[in-house]
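To keep things clear, I will list the structure first and then write my remarks on it.
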Amino acid sequence: MGVPNSPGDLDPVALENALMETWNEEGTFEATIESRRDHASPFTFLEGPPTANGRPGIHHVISRLFKDMVCRWKTMEGHVVERKGGWDTHGLPVEIEVQKQLDLMSNEEIEAYGMEAFNERCKESVWAYEEAWREMTERMGFWIDMDDPYVTLHDEYIESTWWSLKRMFDKGLLFRGHKVLPYCPQTGTSYSSHEVALGYKEVAEPAVYIKFKLIDDDASVLAWTTTPWTLPGNVGLAVGPDVTYCRIRIAEPPSDSWEGRGGAEVREELILAKDLLTDVLRHQIEVIDEFPGSQLIGKAYRPLFPDAVERGDSENAWTIVAADFVTTTDGTGVVHTAVMYGEEDYNLGMKVGFPAQHTVGIDGAFVAGTHHLLDGRYVKDCDSDIIDHLADEGLLYREHTYTHDYPHCWRTGHPLLYYAMDSWFVRMTAVRDEIMQYNSEVEWAPEWTGTKRMGEWLSNIKDWAISRERYWGTPIPVWICPDCGHEHCIGSIEEMSSMKTDGSPVPPELHRPYVDDVRLHCPSSGCSGEMVREPYVMDCWFDSGCAFFAQWHYPFENEDRFDGSFPVDYICEAVDQTRGWFYSLLALSTALFDSTCYRRCLSLGHILDKEGKKMSKSKGNAVDPWDHFNKEGADSIRWYMTTQSGPWSPTNFDPNGVRESYAKMFLTLWNVYRFHADYAVLDSFDADDESGYVAISERSPLDRWVLSKASEIADAYHENFESWNFHKAGRGLEGFVVNDLSNWYVRRSRRRLWDEADSTDKRACQHTLHEVLLIVCRLMAPVAPFIPDVIHRGLVGSSVHLADWPVGSSLVERNLPPRDHALEQEMSLVRSLAEAGRRIRVKADRRQRLPCRSGWIVGAPNLSEFHDILADELNVETLTTEDDLDSFQKVVLAPNRKALGAKCRADLPAVLAQLDLADPEPLLLEIEAGIAALAGYEITLDDIEVRRVEKDGFAAHTLSHDAGDVSLVLDMVLDSDLLSKGLARDLIRRVQAKRKQLDLEVEATIQLSVWIDGMELAGDDWEHVKSETRAGRASLNEGKSPTDTETFEIDRTNVTFYLS
RNA sequence: GGGCGUGUAGCUUAGUUUGGCUGGAGCACCCGGCUGAUAACCGGGAGGUCACAGGUUCAAAUCCUGUCAUGCCCA
């Protein structure tokens, strides 16, 4: 190999689809892994499992891109990078989706439908879009093993999670408690905050001020609540220790304006916060005493509903305790605490030891024994009866209507109850220091995700509620003995089988309801109870957090694979996973293995629509990746996503940007390749043919320059990869390909390859192109795996993905050409001078094709190597170097009218006239010497402005350079010789355009007839036209022009031509 | 309500860590040039209250405070 085929036009979609076929046929992905085995240096990646119950969108493409990119890069660096796919298959969203499909509104309805059938539907639904995911994954070029993925619903996976739970159970990290959640008794479901947000409604509800009668004191403490149904559950009152409270006495009966139930006797004493006296009280009062809340602490009061809650062994029940959350913004400054019906209440209750007992059942009705008026009734129906009852008992001070936003069930419309659900917890608070330590060992990108977002969260870590009262999920493997209360956690299928009672069925899979039917022999000595499984499933974050070991079915299998891949080298997901998967992985590795879980974590910013809004189906602003897969191709999307912003920045997706990536990067690269390949075929160029090789030191400065630049760009690219700045890497490389390689090197080298004879210079150019293209393709391959692979295959016959990283690594050799800094600097100046020339011509209105007689470079280092290139770029006949600008410039003295006007007044016109006539250079000398005078007035430097301008016939431009200012001067004089040359160039260009328009072969010869009216075309120039346009036969001003001719006017000359 | 990001030209963005030259590119637009060189390229032009308001400083897009918008997470 070594002779590329002529590649033709770029059709990215066809190219990529064909290449996918090739990859499948030749097993390229597998080969990239196997070919690195001899290094035995793994780089491990863990796929965060997606859920396939929704169609993949553009935001999934971006996270899969950054996963793929790093894995491909590390492979090229010589590592073995195995990539196992995974699927997340459990969880509430799956259940909700199925409930919608089946129109099952509540747990009761699910159970009536049948748990077995329901779970079967859930299992089906998680594969609904698997095909779409596979297609997207393959089409975008994400290389991952999708044929042998880990799946969280597989028994093997579940068994591993059971093992982990048992391990924590044995460590004492697992415990049973309550978690207060917004709960809908009608549907039997608790809600996530996201669902809660769907159902806020403004409601007017009864709010009451309740008198809690102190024991050993005549006064009552006044407390406020908007949820009377929680009052039977009251077990304590909370005050702010530093808040000022008052003891007051009712002085007079209220006025007639009293509304509603309740009241107080004259001389009755009440206690409440000083700041709220006037808000709360409707009586004339006298303040008896004033004291801080700390003085109230420990005082006992009489329960409102004495039978509702049992004291148990609680010493603090029905006493006043301190809490830091008490404020005086509303209420009375005393907070009624019902442990089971508020998160703060629950936390406080646990802290001070209030009894944690439900007065309300899971059905939303008061439990039997609460109060004879309430037992068995739905709590929200009881508000008024509770208020009546308390009024009758003399415990109600006042009621009023309170309007506020309150969460409601988005399905049934009922108000949600904050309700303490039974729950199993992992005691993360016990390993807080450890998890913070392991977090700090992770290399986070960006750093603040780890130090701030994750760090802040970990420093306030809470115990992790891992159980859910749901149906579809990993069953919690804890069984409890109804006889003795013994708790047992099962850690394997084998353990379950060995403890199973004879009457229990063998579960066909580790899901509900099958596992629920399994009874276990109680292992406590002397107990013959049959243990029953706790009816919960696991939080699906626990599932996916087990991935790093459960993907291998560790510890039951694959111990070596786990050991060899832990901690994981690299994970990558979007930033919303900080408290999700990033956390659950770290939590589990800390609790199970006393280790960090991953060494490097890239946290991606979200992809938003063009206006910075979240993409969602309902808004209709979601982008379908296939729109671009089928248009610009996957490489263009990948390159666009990589280069347009930092990976962690939120990104506004602009479809036009994808087109731009295609047009700039890929089309340019392709055409460079095509240019090389076309001539390589023509010349039978073989890069491997040593006899034709030209050593780099023997090549032209232009070759050595582009090779040096390629080296520079490769090193920068690599450094940016190392520091996660993939966007900067890509932009740098794109700049090189478009500006340096295509727009300078190829443009300047074009003529070298046109030469039909074999020459060292031509071969030098071909080797250079070959080498630079290889470097570029290898650098691009991790980002854009398709087009660079096709080019690479065209150049050397093998996949770019099997090639080594050109920058080298600890495992592979560095393979980059030598740098030549001096040459790079010189070329930079040459290019700047060429640009300066174009600027001069625009300003001087001199078209580019009309040559200049002379050009001079002033103040530059020696650029003689590049005079040919520069003369050609500038279109000058001769180019020479000068030491200073004096011979091209003259002094112009412009009047300072403001200064001169003040001095000369009415004589100003005369002074200006003399200034105009004066020879500026001697006059300036006189002014500087202080002896100048015009029309009788002394002239100083303040009166004039000194400018230096080009002498007539010259135009110049000065640019800054490291070594100082460098100027370019062009000779603007015209003569017939130059006009003839200019005309010839225009004629050539017109003919060439016509050739292209007629779609002639590059080598085809033509017959050319030209008629010029108004100018003489020099003989040499006519010869030049004929050779450039491959005119085999040609005529100039012979006969009359036929009618179907091209005509144009240039420099006031009419030109007509005809070709056939 | 709290935590963490983001906000620069019509659009996508660089610059913010470490304050310092006239805030730099690309797309789109206008004028011109160049081209057997492509959906390209080159020169020039127009387009900016650097989200807003204060503050620190000789000097603020950059540092500080507050506000607004937007996103994620938590309540």
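Each chain gets a letter, A, B and so on, in the order the sequences are listed, and its residues count up from 1. Hydrogens, waters and symmetry mates play no part in the numbers below; they use all other heavy atoms, side chains included.
- Looking at heavy-atom distances under 4.0 Å, A/W670 makes no contact with the nucleic acid at all.
- When the P atom is used for both B/rU65 and B/rU56, the distance is 15 Å, rounded to whole Å.
- The side chain of A/K664 contributes no N or O atom lying less than 4.0 Å from OP1 or OP2 of B/rG26.
- Between A/K462 and the phosphate of B/rC74, there is no side-chain N or O to OP1/OP2 separation shorter than 4.0 Å.
- One donor-acceptor pair, N or O on each side, does fall under 3.5 Å between the base of B/rC72 and the side chain of A/R453.
- Of all nucleotides listed (B/rA75, B/rA39, B/rG26), B/rG26 comes nearest to the side chain of A/E660.
- Between the side chains of A/E632 and A/W639, not a single donor N or O lies within less than 3.5 Å of an accepting N or O.
- Atom CG in A/D539 sits about 11 Å away from atom P in B/rC74, given to the nearest Å.
- For the pair A/Q644 CD and B/rU6 P, the computed distance is 16 Å after rounding to whole Å.
- By the 4.0 Å N-to-carboxylate-O rule, A/R748 lies close enough to A/E873 to be salt-bridged with it.
- A straight line from CE of A/M665 to C1' of B/rA39 spans 16 Å, rounded to a whole angstrom.
- Atom P of B/rA14 sits at a distance of 11 Å from the matching atom of B/rU6, rounded to the whole Å.
- A/S649 places no side-chain N or O within 3.5 Å of a backbone atom of A/S645 that could act as its donor or acceptor partner.
- As a whole-Å value, the separation of A/I1006 CD1 from B/rG36 P is 13 Å.
- Residue contacts for A/S649: at a heavy-atom cut-off of 4.0 Å it reaches no nucleic acid atom on any strand shown.
- Annotation: of the two residues near RNA chain B, A/A834 and A/Y662, the 5′-most nearest-nucleotide partner is A/Y662.
- Side-chain N or O atoms of A/H60 include one that pairs as donor or acceptor with a backbone N or O of A/G57 at under 3.5 Å.
- Counting any heavy atom pair closer than 4.0 Å across all strands shown, A/R985 reaches sugar-phosphate atoms only and no base atom.
- Taking the C1' atoms as reference points, B/rG15 lies 28 Å from B/rG3, given to the whole Å.
- At a cut-off of 3.5 Å, with distance as the only test, no side-chain donor of A/D88 or A/S544 sits close to an acceptor on the other residue.
- Each of A/H59, A/H628, A/H606 was checked for a ring-ring contact (aromatic ring centres under 6.0 Å, His included) with A/F653, and the lone residue meeting it is A/H628.
- Taking atom P in both B/rC50 and B/rA9, the straight-line distance is 9 Å, to the nearest Å.
- Comparing B/rG7 with B/rA61, their P atoms are spaced 15 Å from each other, to the whole Å.
- Across B/rU13, B/rG3, B/rC72, the shortest atom-to-atom separation from the side chain of A/E456 is found for B/rG3.
- Comparing B/rC72, B/rU13, B/rC74 against the side chain of A/H606 picks out B/rC72 as the nearest.
- In this structure, A/I607 places its CD1 atom 12 Å from C1' of B/rU12, rounding to the nearest Å.
- A straight line from CZ of A/R831 to C1' of B/rC42 spans 11 Å, rounded to a whole angstrom.
- For the C1' atoms, the distance from B/rU62 to B/rU8 is 12 Å, rounded to whole Å.
- Taking atom CD of A/E344 as the reference point, atom P of B/rG1 lies 16 Å away to the nearest angstrom.
- Closest to the A/D576 side chain, of the nucleotides B/rU12, B/rC4, B/rC72, is B/rC72.
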Handout entry: Secondary-structure notation, RNA chain B, from Watson-Crick and G-U pairs under 3.5 angstrom (| other strand)
Key = (((((((..((((......[...)))).(((((.......))))).....(((((..]....)))))))))))).
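- Across all strands shown, A/N656 has heavy atoms under 4.0 Å from sugar-phosphate atoms exclusively, and none from any base.
- In the set B/rC73, B/rU13, B/rC42, B/rU13 carries the atom at the smallest distance from any side-chain atom of A/R731.
- At distances below 3.5 Å, not a single donor-acceptor pair connects side-chain atoms of A/Y419 with backbone N or O atoms of A/V180.
- Looking at A/E573, its side chain never comes within 3.5 Å of a backbone N or O of A/Q577 through a donor-acceptor pair.
- With P as the reference atom, B/rA60 and B/rC21 are 11 Å apart, rounded to whole Å.
- As judged by a 4.0 angstrom heavy-atom cut-off over every strand, A/N671 is placed among the base-contacting residues.
- The residue among A/G580 and A/V738 whose nearest nucleotide of RNA chain B lies closer to the 5′ end is A/V738.
- By the 4.0 Å N-to-carboxylate-O rule, A/D740 lies close enough to A/R831 to be salt-bridged with it.
- Across the protein-nucleic acid pair, A/K179 atom NZ and B/rC74 atom P stand 10 Å apart, rounded to whole Å.
- Remark: side-chain polar atoms of A/N439 are paired, donor with acceptor, to backbone N or O of A/G450 under 3.5 angstrom.
- Straight-line distance between the C1' atoms of B/rU22 and B/rA59: roughly 15 Å, to the nearest whole Å.
- Nucleic acid contact class of A/R659 (heavy atoms, under 4.0 Å, all strands): base.
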